[in-house]
2 protein chains.
Amino acid sequence: MTVSLRERRRQQTAREIQLATLELAHQHELENVTTEEIAAAAGVSTRTFFNYFTNKEAAAVGAPPPFREEDKNALAAGTGALADDIKQFLDRHIEDLGKDDPIIKMMGRVIRSNEKASGILEGFLKMERDELTDCLCKRVQNRQTAASLAGATTSAIGRAIYLWNHEPDLSLGAALDMAWEGLLEASVLLTLPARD
Amino acid sequence: MTVSLRERRRQQTAREIQLATLELAHQHELENVTTEEIAAAAGVSTRTFFNYFTNKEAAAVGAPPPFREEDKNALAAGTGALADDIKQFLDRHIEDLGKDDPIIKMMGRVIRSNEKASGILEGFLKMERDELTDCLCKRVQNRQTAASLAGATTSAIGRAIYLWNHEPDLSLGAALDMAWEGLLEASVLLTLPARD
DNA sequence: CTAAAACTTTGCATGGTGTGCAATATTTGC
DNA sequence: GCAAATATTGCACACCATGCAAAGTTTTAG
């Protein structure tokens with residue numbers, strides 16, 4: 001077997017704790033929920049809760065799905081227009097995110113109302129941004145350019161999730177398309193010499 | 001007088017607490033410093049510390065200088081190329097930031113090693129981003145475009161501060177120029193139909 | 001100038017947070 | 001099965017953050 005029973009149980013417990021955290025946070029706001037309540041809801045001791053997550057905000061955020069190696073390689077080695085290759089990369093990643101649909105929706109609410117949680121997410125996003133910057137450095141020479149592209153790209157994901165959370169009838173993919181259009185139009189405007 | 005004695009003393013105390021926090025954090029890492037130590041170093045009681053800031057991370061971040069109303073108005077009403085008007089806006093803001101030079105340098109270190117602190121800063125930055133988005137909505141029709149521009153702009157500030165913190169011989173203004181160049185080049189690359 | 005109103009500082013009590021440690025229980029590889 | 005590795009748990013402890021009430025300071029107005 002590829003993963004041991006132990007490993008699977010660990011993942012399982014971590015997920016149960018995250019779900020318990022998000023559900024309680026959804027009902028009472030995370031700040032009004034104690035770690036004790038979360039642990040009880042997840043069926044573990046308080047101490048075990050802290051063996052999995054250092055605090056309830058980290059439990060709410062969990063471990064966001066990472067970029068796929070294959071997608072990163074495809075982006076770094078791509079030969080199409082840069083914008084198209086990045087968009088394809090984003091589409092693939094958004095697809096992965098969509099699989100955790102309910103978790104992400106609940107998380108969105110928590111993060112908008114909890115600074116500590118948003119800081120923890122920001123930490124993950126920063127790592128992703130750096131990862132993407134390194135990857136894009138293989139397509140563009142200047143590191144600042146790569147960093148700017150990576151920043152624009154990850155914040156498009158952020159805006160897409162925001163839109164999707166606030167517009168009930170929008171699919172995650174459609175929200176990404178809107179955010180992406182906005183990014184492309186912004187790029188055009190920034191390169192324009194004179195006003196509209 | 002424009003501000004009362006009370007108000008001036010409040011600002012003063014807040015600043016003393018922030019400085020005490022940053023100095024202690026600089027020596028021992030913020031997480032190893034207790035609120036009690038910070039309060040003692042700032043010459044106030046622990047309870048008073050909490051009357052000013054809800055936690056030590058907030059004390060480290062303090063209250064970042066806001067955008068100037070005049071600059072926002074100039075940007076919203078500007079008639080030059082959008083890129084030029086935004087750059088001018090940024091230059092003015094960076095000038096304000098430069099006035100708190102030592103504070104920002106110390107803060108940078110704290111924020112890079114403390115998730116809670118970076119979440120609090122992220123909260124301020126989000127407010128600035130939203131402010132800028134509203135402002136740019138007067139120059140561009142599509143809100144997603146404005147949001148994308150605002151995101152790219154504020155993250156250029158972030159990258160400039162990062163560069164300035166890591167390259168000893170770089171002025172804050174020069175760092176902004178580098179980050180800005182990166183953004184412009186990224187914009188060109190995103191609008192290019194085929195590969196370089 | 002003074003007295004009441006408004007606000008600030010402080011100590012104390014209290015309950016939640018997060019870690020180290022040691023005992024107990026479970027899984028794994030042999 | 002059994003020993004090694006890993007997980008879970010209770011307990012103790014230090015720190016964090018808030019409410020409250022008493023004491024002190026600044027402001028305002030007569």
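Per chain, numbering begins at 1; letters A, B, ... match sequence-line order.
Remark: Thr48(A) is in phosphate contact with dT9(D), judged by side-chain N or O atoms under 4.0 Å from OP1 or OP2. At least one side-chain nitrogen or oxygen of Ser45(B) sits closer than 4.0 Å to the OP1 or OP2 atom of dT10(C). Residue Lys116(A) has no polar side-chain atom (N or O) positioned under 4.0 Å from OP1 or OP2 of dC16(D).
Between the side chains of Thr48(A) and Ser45(A), at least one donor-acceptor pair of N or O atoms lies under 3.5 Å. For the residue pair Glu16(A)/Gln12(A), the side-chain donor-acceptor check at 3.5 Å is satisfied.
Side chain of Asn55(A) to backbone of Ala58(A): a donor-acceptor contact under 3.5 angstrom is found. Put simply, the side chain of Lys56(A) gets close to the backbone of Val33(A): a donor and an acceptor are under 3.5 Å apart. Under the 3.5 Å distance criterion, the side-chain polar atoms of Arg139(A) are matched with a main-chain donor or acceptor of Leu75(A). Side-chain N or O atoms of Ser155(A) include none that pairs as donor or acceptor with a backbone N or O of Gly158(A) at under 3.5 Å.
Note: CG (Asn51(A)) to P (dC11(D)) measures 16 Å, nearest angstrom. One atom, CD of Glu31(B), and another, P of dT17(C), lie 19 Å apart when rounded to the nearest Å. Between Phe49(A) atom CZ and dA7(D) atom P the separation is 17 Å, expressed in whole Å. Nucleotide dA7(D) holds its P atom 14 Å from the CZ atom of Arg8(A), rounded to whole Å. To the nearest angstrom, P of dA6(C) lies 20 Å from CZ of Arg9(B). When the P atom of dT25(D) is taken as reference, atom CZ of Arg10(B) falls 17 Å away, rounded to whole Å. The interatomic distance linking Glu57(A) (CD) with dC16(D) (C1') rounds to 13 Å, in whole Å. As rounded to whole Å, 13 Å separates atom C1' of dT26(D) from atom CD of Glu7(B).
Nearer the 5' end of DNA chain D, as judged by each residue's closest nucleotide, is the contact made by Gly43(A), out of Phe53(B) and Gly43(A).
Ring pair Phe49(A)/Phe53(A) is tilted by interplanar angle, where 30° to 60° counts as tilted.
Considering only side-chain atoms of Arg6(A), the nucleotide from dT17(C), dT10(C), dT28(C) that sits closest is dT28(C). For Phe50(B), whose side chain is taken as the heavy atoms from C-beta onward, the closest listed nucleotide among dT10(C), dG18(C), dC16(D) is dC16(D). Listed candidates were dT8(D), dT8(C), dA17(D). Nearest to the side chain of Tyr52(B) is dT8(C).
Glu7(B) pairs with exactly one of Gln11(B), Arg9(B), Arg10(B) by the side chain to side chain donor-acceptor pair (under 3.5 Å) rule, that one being Gln11(B).
Residue-level contact check: Thr54(B) touches the backbone only, with heavy atoms under 4.0 Å from sugar-phosphate atoms and none from bases. Asn55(A) comes within 4.0 angstrom of the backbone, heavy atoms only, and of no base.
Proximity of residues 34-41 of chain B to DNA chain D (heavy atom under 4.0 angstrom from any strand atom) is restricted to Thr34(B), Thr35(B).
The base of dG19(D) sits within donor-acceptor range of the side chain of Arg47(B), with an N or O pair under 3.5 Å.
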